[in-house]
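Letters go in sequence order (proteins before strands), and every chain restarts at 1. On a predicted model such as this, the values are computed, not experimentally measured, just so you know. Both backbone and side-chain heavy atoms feed into the values below; hydrogens, waters and symmetry mates do not.
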Amino acid sequence: MTDPAALWVNGRPYSTELPDDERLLDTLRWRLGLKGTKEGCRTGDCGACTVLVDGRSVLSCLTLTREVSEEAILTVEGLEADPVGRTVLEAFVQEAGLQCGYCTPGFVVALTGLLKERPNASPEELLEDLQGNLCRCTGYLSIRRAVVGLAKART
Amino acid sequence: MIRADAPLKVRGGVEFGVDLETPGMLHAVLVRSPVAHGQMRALHLEEARRSPGVVCAVSHAELAALLPAGSGDPERPVFPQEEVMYHGQPVAAIAAHTLAEARRAAKLVKVAIDPLPLWGDIESIYPEWPGSDEGNSPRINAHVHARFGEVDRILERSREVLREKYRTSGIVQMALEPHACLAHVTGGHWRVTTSTQSPYGVREDAASILGLPEERIVVEASWVGGGFGGKAAALLEPYALVLSAAADRPVKLQLSYAEEVELSRSTLPAVIRIESALRDGRIAARRVRLLLDSGASLPGRDFATGYAIGFIAGPYQIDAVELEGYAVRTNKPPFGPHRAPFVPQCAFAAESHTDGLARLAGMDPIAFRERHGLRERGLTPLGQQVGPFGLHAGLARAREMSAVWRAELPAGTGIGVAVGFWSTGSSAGGEIQIRLGPTGLVLETVEAEIGSGSVVRGLVVVASRSLGLPPEAIRVERTDTARGPMDSGVYGSRTTAALGRAIQEAALRLLEELARRVPGPDELKLDWTGAQVRVRRGPHSVELATVLTEAERLGGGIATQGRHYGRTGEIDSGRVLAGSFYGYGDFIGAVQLAAVDVDRETGRVRVLRYAAFQDAGRVVDAATYRAQVEGGVAMGLGEALTEETRWDAEGRIENAGLLDYRVPTLLEVPPIHVEAIEGFPGAGPDGAKGGGEPPVIPVPGAVANAVCDATGARVREMPLTPERVARALKLI
């Protein structure tokens, strides 16, 4: 039932035993100890578990680990070492685009993915595409200030 | 100024309850009742116990051997022995090596429950008002009644009387982090680390439920991924503790989102009947009758009716007021606190109704509220003097802004106003210890930062001002209930106000102690070099380290304590006819404006602009205050427009998940103009009042009034879903 799998996360190779039906979220959190990726609804409705797979935003709660074992996975722990990710982290810190911080990893990873895909996207386009990420504390307004500030700083 | 927890949180670097992990830990699952009301006939755990990976399974029958006293409070059993009171109520729990194994085993539990008649919808139980002989009925958890002035006579004899019935829905906190805890019972110590707003509250509850002395239980908070009242009492902890006692291993228990909705102790549905008499353009009398679903709350333990009802008539000077409420026992999870518990619902009814009266009186709604709003010496319906109260200052600002919006927004846009009032929960007591060492100041508290910023920012700012040290020289260290000091919890808009006062007291003591050690004619000051604390008196300055004793150097510095046990306000007991009401602390006034566009074909409401003018006493930290008001308004918009729990005929929640329980999304929250009204001081540091709950209160009323302004249609049920608005517009 469990076979070894090779994973490539945040630029590092990992090898781990895992069952075929394991979700990427659980592999990251409990096998690799990368608990920055948060478990929310497990049904794809909240965005808290967002990671990047080959640069694309993916909900790790709905992704089987084996499906992505050949690809480059970027989690919140890897953003610091990523030039785009670092600017996103800085923008969220400066504007305090967070309160409890539970949805935050999902937001910063998703925004990093959007900016990699479309470096010249307007703030409105970015906000439109972040609607799948839920936040219960901020009313999204400090998050919006962080996104708008970042988009303006880039152009 | 950077929020201290932001750099960690953006990197996913804080450990929430869901992240807790320890070697040898087991994973637990709750086995939950498939029926909402029934008699337990049989429960068989044998097959589950034999399932691979299972270490233990417990139900009521196993408790006697696990708990030193054999059982806890018989009224609050961990697992039901006889009567199941709501759908999904845990009847057993299983711990296994993996979560998947625990889940598989849970399916093998055989439970037989004979269904009993369902106590579901309160309006089916009491289509009209409960009869006077119903007060002692087992269906009534609480009855409260207060009156002053000749309400009956005025209502009977007035020509202009507005009588209305409002309905409000159940809601859930839906913090993004589900409840999660890690328990370890070892060596007679019952220890649990948990995502909580109140470690001491959890300890008290768990001790009562498990029949243990409080000192045997140690509770420590993890970081908390949102609470909103839902993490202020014990929920999962007793289950995890008994499993750990049975397994002799650490046990982790975490809820799924569906369980969050089904087990949440939150606001339940209500019917509010409200009637007012108008005389010469003034409200001459008001009567409000509340029928509140209190779920499976225990008789006498219902707090919501007695607490919320004091706010239900609105912050108005009215000559005669009657308030009466019944809390009805039903087969739903027990009612519990949800950010200003049940007061947004009260204000929805009172403010919609007051808008209707303004129309009847032919007056502008803001001017009508200015005519009635409580002033400093004014008395609340329960006879409490309201004290410094920024309501009128807020109304004046709302009048100006509403005129600007009218001029700027297109015709057809609805603008609505609503007010609310609330009390700083500063009567909930607390203590703190501060420790000044050579490399900075440490605030020692049991409280976790739950997101509001009250711990990492509010308390730090108060300490910074009290000691003259910059925030970067101060850090918060979390303790547990074994170390203390005691604090009531991060709830009731009290943390910065109440614990802030405790910090001020501790700071004063610290400065006095230093003054004894570093004598001199000049005032004592603390300096921060960027790495070290120095003590200065005039030209004389020394490193703090040089004035510490050997023991203090070993222990990290000079420690002092401060406490704040605020007074509870006194109500006029002559006005109370039945039940118990609460005396409130510092009153806070909140005034809000909403501008909406209503789709005349679908009934969909879009909020275009929002403004909140809130009585702050004195703002402690502007950025944190603004963030609290923004987040509170957003939560209120969810309550106003989309959020409701729906029960089916069998007493099951139909929408237990984020797809169907709709919280606001990013583009649904409009820009919010936040304005703090200062100059009406409260009892917090430098006059601060609570800030976290008031912003939610007026929102549903403001939105409903804006919808009425736009369309002329009054929606008397919240949330204002497109269907309800379309019905009010007679589209369907």
Atom group of A:Leu130 that falls short of 4.5 Å from chain B, counting heavy atoms: both
Less than 3.5 Å apart and able to act as donor and acceptor by atom type: which atom pairs between chain A and chain B qualify?
unit_1	atom_1	unit_2	atom_2	d
A:Arg29	NH1	B:Asp19	OD1	2.9
A:Arg29	NH2	B:Val18	O	3.1
A:Arg29	NH2	B:Asp19	OD1	2.8
A:Lys35	NZ	B:Asp19	O	2.6
A:Lys35	NZ	B:Glu21	OE1	2.8
A:Lys38	NZ	B:Asp19	OD1	3.3
A:Lys38	NZ	B:Asp19	OD2	2.7
A:Glu80	OE1	B:Arg11	NE	2.5
A:Glu80	OE1	B:Arg11	NH2	2.7
A:Gln99	O	B:Arg3	NH2	3.2
A:Gln99	O	B:Lys9	NZ	2.7
A:Gln99	OE1	B:Gln628	NE2	3.2
A:Gln99	NE2	B:Ala627	O	3.1
A:Cys100	O	B:Lys9	NZ	3.1
A:Arg136	NE	B:Gln173	O	2.9
A:Arg136	NH1	B:Glu643	OE2	2.7
A:Arg136	NH2	B:Val172	O	3.3
A:Arg136	NH2	B:Gln173	O	3.2
A:Arg136	NH2	B:Glu643	OE1	2.8
A:Arg136	NH2	B:Glu643	OE2	3.4
A:Tyr140	OH	B:Pro664	O	2.7
A:Arg144	NH1	B:Leu666	O	3.3
A:Arg144	NH1	B:Val669	O	2.8
A:Arg145	NH1	B:Glu630	OE2	3.0
A:Arg145	NH2	B:Glu630	OE1	3.0
A:Arg145	NH2	B:Glu630	OE2	3.3

Identify which of A:Val88, A:Ile143, A:Val76 forms the greatest number of heavy-atom pairs closer than 4.5 Å to chain B. A:Val76
What distance separates B:Leu176 CG from A:Cys137 SG, expressed to the nearest 0.5 Å? 7.5 Å
If we define contacts as heavy-atom pairs under 4.5 Å, which of A:Cys46, A:Gly36, A:Gly139 has the most with chain B? A:Gly139
Quick check on the interface: out of B:Gly451, B:Gly12, B:Ala623, who has the most heavy-atom pairs with chain A under 4.5 Å? B:Gly451
When the 4.5 angstrom heavy-atom criterion is applied to A:Val108 and chain B, the contacting part is side chain
What's the spacing between A:Cys100 SG and B:Ile450 CD1 if we round to 0.5 Å? 9.0 Å
When heavy-atom pairs shorter than 4.5 Å are enumerated against chain A, which of B:Val456, B:Val663, B:Leu8, B:Leu637 gives the highest number? B:Val663
Okay, B:Val224 and chain A: the region with an atom under 4.5 Å from a heavy atom over there is backbone
For atom CD of A:Glu70, decide whether the heavy atoms of other residues, nucleotides or ligands shown that lie under 6.0 angstrom number more than 12. no
